[in-house]
Q: 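I have a structure here, written as C-alpha cells, and I will follow up with some questions on it.
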Amino acid sequence: MTAKKKPKVYITRKLPDAVETRMRELFDAELNIDDAPRSVPELVAAVKTADVLVPTVTDRIDAALIEQAGPQMKLIASFSNGTDHIDVEAAARKGITVTNTPNVLTEDTADMTMALILAVPRRLGEGARVLTDKPGEWAGWSPTWMLGRRIHGKRIGIVGMGRIGTAVARRAKSFGLSIHYHNRKRVNPAVEDELEATYWESLDQMLARVDIVSINCPSTPATFHLISARRLALLQPTAYLVNTARGDVVDEAALIKCLREGRIAGAGLDVFENEPAVNPKLVKLANEGKVVLLPHMSSATIEGRIDMGDKVIINIRTFIDGHRPPNRVLPGR
C-alpha cells in the first residue's frame, strides 16, 4: 500500500525545537531556521505551493496575498491567539479555513500585565538603572529617595474582561486593588461576585474614576484608538496606563503628549502602534522614568510557545483528517 502523502506546511518563523521536530515528523514542513520575517514575495510563493500556511502575528496575510493562493491551499493555521493580521473574510471567500491558538497565553500575559502594574508606580525600571548605568554612585537608602506610589487600595479599570482581563483581575484583587471593568457585556455574575467587580457600561465614566487602566481587549476595527486623545484626557493626573493587548488600541501620539505634559502619571507598554518600530519619543520618556517599555514579550514563555505549537499541530491534523479543526476562526468573530 502506498503511504499517504504528507501535506506541505509552510512555517513563516522559527518555532521551538520540540514543535518543529514534531512538525517535520507529521508533515512535509518547510521551516524558517534563521527566523528572519518572510517577505511578501516569499509569502506569495508559499501560498502558491503549500497546502497549509502557518503564519504568526508578524505576518500580514491580507486579501491581496490570499487571492494569490493556489487551489491546494485550504488552511491558514496561525501560531497566534489574535487573528487581526489575517483577512479572515477574504480567506472564507477563497474557501480557506483559518485557525488560531486560543486559551494558551492567558496566564502568561496576565502575569506580565501585573508585572507592569507593579513596575510603573513603584519605579522598578528607574531603580534598576541606578545600579547598572552608574555603578558605585548609589549613596544608600534615604527616606525621601525614589518614592513611588502604593497600589494596594487603588482602583484598576480593566478594558476588555475576556479571559486575560479576568486573569488580570484575579491577580490585581490579590494585591488589594478594587476591580472595575468595561466590556461589551457583563461577565458571569459568579465571576463578578468572586472579584467583587464593578461593571461600567460607559468606558468614559470608568476611565475618569480609576487609578490604573489595563488594556486587555483585542484589536478590531471597533477598538482602533479606543483609548483616544479625548479618553486619555479623562484620566486623573495620578493615573497609570498599562497595555499588553495591541498597540493600535491606544492613540500612541496622544499618549506621548499626555506623558510629556504630565497629564497622567506614567505608562507600561508591551505593545506599540507601529511594531517593531518604537517611537523615539517613547524611548526618551522611558529614559526619563515616565514609562516602562517591553519588546512585546508578555506571552513569551517556553511553556506557552510549546502549547501554541501543539494547538497548531492539532488544528492541522484534524483538518487534514477531514474534520472541523477545534480552533476554527469564523468571519466576523
Side-chain angles (χ1 to χ4, degrees), residues 11-15 32 34-44 54-65 78-87 100 105 108-109 112-113 115-116 119-120 124-126 128-129 133 159-160 164 213-229 231-232 240-261 263-264 266-301 304-305 308:
I11 303 161
T12 64
R13 298 298 296 267
K14 177 81 176 73
L15 302 182
N32 182 346
D34 61 9
D35 199 33
R38 294 308 192 196
S39 66
V40 172
E42 287 173 320
L43 290 174
V44 169
V54 180
T56 71
V57 293
T58 61
D59 303 299
R60 183 166 177 76
I61 314 301
D62 58 16
L65 176 66
S78 189
F79 186 88
S80 66
N81 180 46
T83 55
D84 47 292
H85 57 297
I86 302 171
D87 191 326
N100 66 340
L105 306 176
D108 298 330
T109 304
M112 191 63 84
T113 304
L116 284 171
V120 180
L124 298 190
E126 292 174 83
R129 286 195 297 274
D133 293 359
V159 182
I164 294 174
V213 177
S214 178
I215 310 299
N216 301 108
C217 60
S219 173
T220 68
T223 62
F224 178 78
H225 283 188
L226 179 69
I227 308 301
S228 60
R231 286 193 165 122
L232 285 167
Y240 299 90
L241 183 142
V242 170
N243 187 8
T244 57
R246 285 290 187 269
D248 62 8
V249 176
V250 178
D251 183 336
E252 198 169 275
L255 175 63
I256 290 169
K257 192 171 188 292
C258 281
L259 289 164
R260 291 177 70 180
E261 295 175 357
R263 289 190 281 119
I264 64 172
L269 307 174
D270 185 49
V271 289
F272 307 93
E273 193 163 352
N274 298 298
E275 288 185 29
V278 179
N279 192 313
K281 293 178 181 177
L282 278 176
V283 177
K284 185 174 186 294
L285 287 166
N287 290 331
E288 295 170 359
K290 295 179 181 178
V291 61
V292 174
L293 306 178
L294 295 177
H296 202 148
M297 56 186 285
S298 62
S299 64
T301 67
R305 295 291 189 251
M308 289 172 71

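The analysis underlying the following values was restricted to heavy atoms, covering all of them including side chains, and did not include hydrogens, waters or symmetry mates. Remember, it's a predicted structure, so these values are computed and weren't measured experimentally.
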Q: Nearest heavy-atom pair of S80 and G82: which atoms, and what distance?
A: OG-O, 2.6 Å
Q: Applying side chain to side chain donor-acceptor pair (under 3.5 Å), can you list everything that pairs with K14, at least two apart in sequence or on another chain?
A: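 For K14 the side chain to side chain donor-acceptor pair (under 3.5 Å) partners, ignoring immediate neighbours, are D17, E20.
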Q: Could you pull out all residues at least two apart from R60 that satisfy salt bridge (charged side-chain N to carboxylate O under 4.0 Å, His left out)?
A: D62
Q: Rounded to the nearest 0.5 Å, what's the gap from OG on S39 to CG on D59? Could you check?
A: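 These two atoms lie 10.5 Å from each other.
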Q: For the side chain of T83 and the backbone of I86, is there at least one donor-acceptor N/O pair under 3.5 Å apart?
A: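 No, T83 side chain to I86 backbone: no donor-acceptor pair under 3.5 Å.
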Q: Looking at T12, is its backbone amide N or carbonyl O close enough to the side chain of N32 to form a donor-acceptor pair, meaning the two atoms are under 3.5 Å apart?
A: yes
Q: Quick check for you: to the nearest 0.5 Å, what is the distance between H225 atom NE2 and L255 atom CG?
A: 10.5 Å
Q: With a 4.5 Å limit on heavy-atom distance, are the side chains of L269 and V250 in contact?
A: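 Side-chain contact under 4.5 Å: no.
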Q: Which residues pass the salt bridge (charged side-chain N to carboxylate O under 4.0 Å, His left out) test with R305, not counting sequence neighbours?
A: none
Q: Taking N279 for its side chain and K281 for its backbone only, find out whether a donor-acceptor pair lies under 3.5 Å.
A: yes
Q: Nearest 0.5 Å, what's the CD1-CG distance between I256 and L232?
A: 11.0 Å
Q: Of all heavy-atom pairs between L294 and F272, which one has the smallest distance, and what is that distance?
A: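 So the two residues come closest at O-CE1, 3.2 Å.
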Q: Quick one: closest heavy-atom pair of I215 and A245, and the distance?
A: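 Smallest interatomic distance, heavy atoms only, reads O-CB, 3.5 Å.
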Q: Can T109 and T244 be counted as having a side-chain donor-acceptor contact under 3.5 angstrom?
A: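 Note: T109 and T244 side chains miss the donor-acceptor criterion.
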Q: I'd like to know if the side chain of N100 and the backbone of N81 have a donor-acceptor N/O pair within less than 3.5 Å.
A: yes
Q: For a 4.5 angstrom cut-off between non-hydrogen side-chain atoms, does L259 reach I264?
A: yes
Q: Quick check: closest heavy atoms across S299 and L105, and the distance to 0.1 Å?
A: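 In this case the closest contact between S299 and L105 is CB-CD1, 3.6 Å.
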Q: What's the shortest heavy-atom distance between P37 and E42, and which atoms?
A: O-OE1, 4.4 Å
Q: Which atom pair, heavy atoms only, marks the closest approach of R246 to V57?
A: NH2-CG1, 3.6 Å
Q: CD/E252 to CG/N243 distance, rounded to the nearest 0.5 angstrom?
A: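 Atom-to-atom, E252:CD and N243:CG are 9.5 Å apart.
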Q: Side-chain contact, heavy-atom cut-off 4.5 Å: L124 with V292?
A: no
Q: A quick test of your reading: do over 12 heavy atoms of other residues, nucleotides or ligands sit less than 6.0 Å from CZ of R260?
A: no
Q: Indicate yes or no for a side-chain donor-acceptor contact from T223 to the backbone of P218 under 3.5 Å, with no hydrogens or angles considered.
A: yes
Q: Atom CD1 in I164, atom CE in M112: separation rounded to 0.5 Å?
A: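 Result: 12.5 Å between the selected atoms.
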Q: According to side chain to side chain contact (heavy atoms under 4.5 Å, CB included), who are the partners of V44, at least two apart in sequence or on a separate chain?
A: V40, K48, L65, Q68
Q: D270: which residues meet the side chain to side chain donor-acceptor pair (under 3.5 Å) condition with it, sequence neighbours left out?
A: S298
Q: Taking side chain to side chain donor-acceptor pair (under 3.5 Å) as the definition, give me every residue that meets it alongside D35, ordered by chain and number, with sequence neighbours left out.
A: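 D35 satisfies side chain to side chain donor-acceptor pair (under 3.5 Å) with R13 once adjacent residues are dropped.
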Q: Return the CG to CG distance between L226 and D248, rounded to the nearest 0.5 Å.
A: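 Separation between the atoms: 10.5 Å.
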